[in-house]
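Chain A is the first sequence line, chain B the second, and so forth, proteins listed ahead of strands; every chain is numbered from 1. Nothing here was measured: the structure is a model prediction, and the numbers come from that model. Both backbone and side-chain heavy atoms feed into the values below; hydrogens, waters and symmetry mates do not.
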Amino acid sequence: MVREGVRPNVYTYSSVLRSCNGMSDVRMIHCGIFKEGLESDVFVRSALIDVFAKLGEPDDALSVFDEMVTGDAIVWNSIIAGFAQNNKSDEALKLFKRMKRAGFLAEQATLTSVLRACTGLALLELGMQVHVHIFKYDQDLILNNALVDMYCKSGSLEDARRVFRNMKERDVISWSTMISGLAQNGYSQEALKLFESMKASGTKPNYITIVGVLFACSHAGLLEDGWYYFRSMKKLYGIDPVREHYGCMIDLLGKAGKLDDAVKLLNEMECEPDAVTWRTLLGACRVQGNMVLAEYAAKKVIELDPEDAGTYTLLSNIYANSQKWDSVEEIRTRMRDIGIKKEPGCSWIEVNKQIHAFIIGDKSHPKIVEVNKKLNELIHRLIGIGYVPETNFVLQDLEGEQMEESLRHHSEKLALAFGLITLPIGKVIRIRKNLRICGDCHVFFKLAAKLENRSIVIRDPIRYHHFQDGKCSCGDYW
DNA sequence: GAGGGCGACC
């Protein structure tokens with residue numbers, strides 16, 4: 001078209017942008033847009049924002065957005081969605097506030113992105129506020145799907161079930177979201193029952209649905225069921241197993257203590273195992289206490305994901321435990337050389353729509369004195385009922401937090417103490433954490449839930465822990 | 001003649 005001398009217009013550009021596959025395509029087209037002086041058109045702009053975000057470059061999307069003098073609601077939706085899709089939930093929520101200040105009303109698409117941001121941050125209260133605003137879009141399928149996901153990821157299963165039940169229309173995403181959500185929160189049997197209802201409803205499962213089903217099996221240690229679904233998925237649903245399915249099975253086998261079978265399956269995979277696959281095996285070795293295989297798996301993880309600080313620490317702990325001090329030193333040097341920094345442990349808790357952050361070793365929270373007092377008192381009372389601080393961390397501490405600070409004050413314990421002094425009795429304490437929970441905190445929370453007669457939910461980067469009455473929904477496998 | 005939103009293994 002350009003060769004033949006036809007000048008592209010705003011319609012051409014907004015269509016062509018959506019078919020870009022890489023940044024080089026977009027940059028070329030972006031130049032053309034400037035050359036034609038079409039950069040201020042809202043359609044072109046929203047297409048640009050959209051494509052930058054889809055390619056994982058939300059900051060480029062933001063520059064396009066910020067150059068805008070006049071915009072419309074869609075451009076706002078595009079930029080908010082761009083950050084929400086790239087897991088930059090904070091930024092998405094900030095932009096949403098800016099949007100409201102600028103006088104734009106939130107529509108369905110806006111609210112879906114806002115919900116996704118709440119989901120990312122496990123902000124149940126804010127998510128519920130959004131829920132109130134969407135009653136007028138009662139039967140919007142995508143919004144309802146996002147709501148179900150938000151409630152599941154905030155550990156509020158009652159609400160998730162209610163929204164799901166009241167949906168008049170459900171698609172494969174609705175079912176898959178609810179199945180995975182139930183499984184992640186420890187309701188495996190319910191998840192599998194729901195899968196049966198899904199089939200009865202006539203909705204065809206896709207490969208993500210099966211990931212949820214296998215995850216449910218792995219979560220509950222249902223070895224037979226897991227094998228059945230895994231082996232029959234191709235025949236029954238025409239779905240070829242991919243890495244995620246293998247991952248669930250490796251987890252399931254590992255949980256059942258069948259590490260040999262897990263390794264065998266890993267070696268039989270049609271696709272290459274990735275860092276997540278090896279981390280799955282590593283997790284199984286950790287729970288089974290198999291240090292030899294753990295060392296092997298950890299090396300593989302680092303090979304495939306050299307930035308993974310937690311695994312370096314775990315490997316170094318394994319070496320330290322077997323007195324291989326040269327290897328310990330080697331790892332430390334390597335971490336220094338590549339510039340691997342351990343992220344400090346941080347926990348968040350939402351109280352009265354305010355987010356409170358607790359960072360290990362940080363004393364800036366205004367209530368830190370009371371929090372420490374409450375925590376010390378709690379530790380004392382827990383010791384009274386048999387709590388013994390866990391000091392053998394070789395395979396228990398996934399992120400190496402205790403190396404830096406006393407485990408007495410891991411961030412989730414601070415958040416818990418704060419929750420106990422601020423949230424009314426009977427209210428569930430919900431905490432989100434940036435690092436995996438360690439073995440000591442896990443024991444601590446089980447006992448604290450019992451002693452304080454509280455439900456406590458912790459969402460770490462990959463697992464959900466519902467502590468109640470001395471038990472955890474993860475069944476001590478995480 | 002054109003635009004945005006939802007689910008998945010560690």
Side-chain angles (χ1 to χ4, degrees), chain A residues 9-18 41-51 53-54 61 71-82 84-85 92 106-117 119 134 137 140-150 152-153 167 170-181 183-184 205-219 241-252 254 266 269 271 273-284 286 297 301 304-305 308 310-311 398 436 460-463 478:
Chain A
N9 60 15
V10 287
Y11 300 106
T12 334
Y13 279 122
S14 49
S15 310
V16 167
L17 275 172
R18 282 167 215 287
D41 179 79
V42 285
F43 284 92
V44 169
R45 225 184 260 281
S46 73
L48 263 174
I49 292 171
D50 195 35
V51 72
K54 293 248 153 63
D72 67 358
I74 305 258
V75 184
W76 279 101
N77 291 346
S78 302
I79 191 66
I80 293 171
Q85 285 161 359
E107 313 164 2
Q108 279 129 301
T110 333
L111 293 171
T112 330
S113 298
V114 172
L115 272 178
R116 183 170 166 154
T119 307
I134 63 186
Y137 307 117
D140 184 295
L141 177 64
I142 298 178
L143 259 178
N144 277 329
N145 286 349
L147 260 181
V148 170
D149 193 38
M150 186 276 292
C152 286
K153 297 238 163 67
M167 287 170 74
R170 300 184 188 113
D171 64 1
V172 64
I173 298 185
S174 329
W175 290 98
S176 308
T177 307
M178 195 65 219
I179 290 170
S180 306
Q184 281 163 338
N206 63 17
Y207 81 104
I208 297 178
T209 321
I210 306 298
V211 172
V213 169
L214 293 177
F215 186 70
C217 296
S218 103
H219 198 289
V242 293
R243 215 177 265 132
E244 286 88 339
H245 303 111
Y246 281 100
C248 291
M249 289 309 292
I250 290 166
D251 198 50
L252 174 52
L266 191 147
M269 285 170 63
C271 36
D274 65 358
V276 176
T277 317
W278 286 107
R279 259 196 296 271
T280 309
L281 186 68
L282 176 59
R286 197 174 52 76
V301 173
L304 292 161
D305 181 9
D308 182 352
T311 303
L398 293 162
R436 305 286 306 272
D460 75 18
I462 62 164
R463 295 266 178 192
W478 79 98

Open item on the list: What contact category does Tyr207(A) fall into here, base, sugar-phosphate, or nothing, at under 4.0 angstrom with non-hydrogen atoms?
Closed with: base
Open item on the list: Could you tell me if the side chain of Asn144(A) sits less than 4.5 Å from the side chain of Arg170(A), heavy atoms only?
Closed with: no
Task: Heavy-atom closest contact (Ser176(A) atom, Asn206(A) atom, distance) - done: OG-OD1, 4.2 Å
- [ ] Just call it for Val172(A): base, sugar-phosphate, or nothing, with non-hydrogen atoms closer than 4.0 Å on any strand.
- [x] base
- [ ] Evaluate the criterion side chain to side chain contact (heavy atoms under 4.5 Å, CB included) for residue pair Leu214(A) and Ile210(A); output intermediate values, then yes/no.
- [x] CA-CA 6 Å; Leu214(A) 293 177; Ile210(A) 306 298; 4.2 Å; yes
Open item on the list: Using a heavy-atom cut-off of 4.0 Å across all strands, would you classify Thr280(A) as base, sugar-phosphate, or nothing?
Closed with: sugar-phosphate
Task: Sugar-phosphate, base or nothing in reach of Ala81(A), heavy atoms under 4.0 Å - done: sugar-phosphate
- [ ] Identify whether any heavy atom of Asn144(A) sits under 4.0 Å from a base atom; if not, whether one sits that close to sugar-phosphate; answer base, sugar-phosphate or nothing.
- [x] nothing
Task: Sidechain-backbone polar pair: Ser180(A) side chain, Thr177(A) backbone, donor-acceptor under 3.5 Å - done: no
Task: Touch class at under 4.0 angstrom, heavy-atom based, for Thr177(A) against every strand present - done: sugar-phosphate
TODO: Check every strand shown and say whether Thr277(A) touches a base, only sugar-phosphate, or nothing at a heavy-atom separation below 4.0 Å.
DONE: nothing
Open item on the list: Heavy atoms only, 4.0 Å cut-off, all strands: where does Val276(A) land among base, sugar-phosphate and nothing?
Closed with: base
Open item on the list: Under the rule for salt bridge (charged side-chain N to carboxylate O under 4.0 Å, His left out), what residues qualify as partners of Asp140(A), not counting sequence neighbours?
Closed with: none
- [ ] State, yes or no, whether a side-chain contact exists between Gln108(A) and Ile134(A) at a heavy-atom distance under 4.5 Å.
- [x] no
Open item on the list: Under 4.0 Å, counting only non-hydrogen atoms across every strand here, what does Phe215(A) touch: a base, just sugar-phosphate, or nothing?
Closed with: sugar-phosphate
- [ ] Indicate, with a heavy-atom threshold strictly under 4.0 Å, whether Arg463(A) touches base, sugar-phosphate, or nothing.
- [x] sugar-phosphate
Task: Covered region of DNA chain B, 5' end to 3' end, by chain A [heavy atoms, under 4.0 Å] - done: dG1(B) to dC10(B)
- [ ] Under 4.0 Å between any heavy atoms, over every strand shown, what does Glu107(A) touch: base, sugar-phosphate, or nothing? Just pick one.
- [x] base
TODO: Evaluate the side chain to side chain contact (heavy atoms under 4.5 Å, CB included) criterion for residues Val172(A) and Thr209(A): first the C-alpha distance (whole Å), next the side-chain angles of each, then the deciding distance (0.1 Å), finally the verdict.
DONE: CA-CA 8 Å; Val172(A) 64; Thr209(A) 321; 3.6 Å; yes
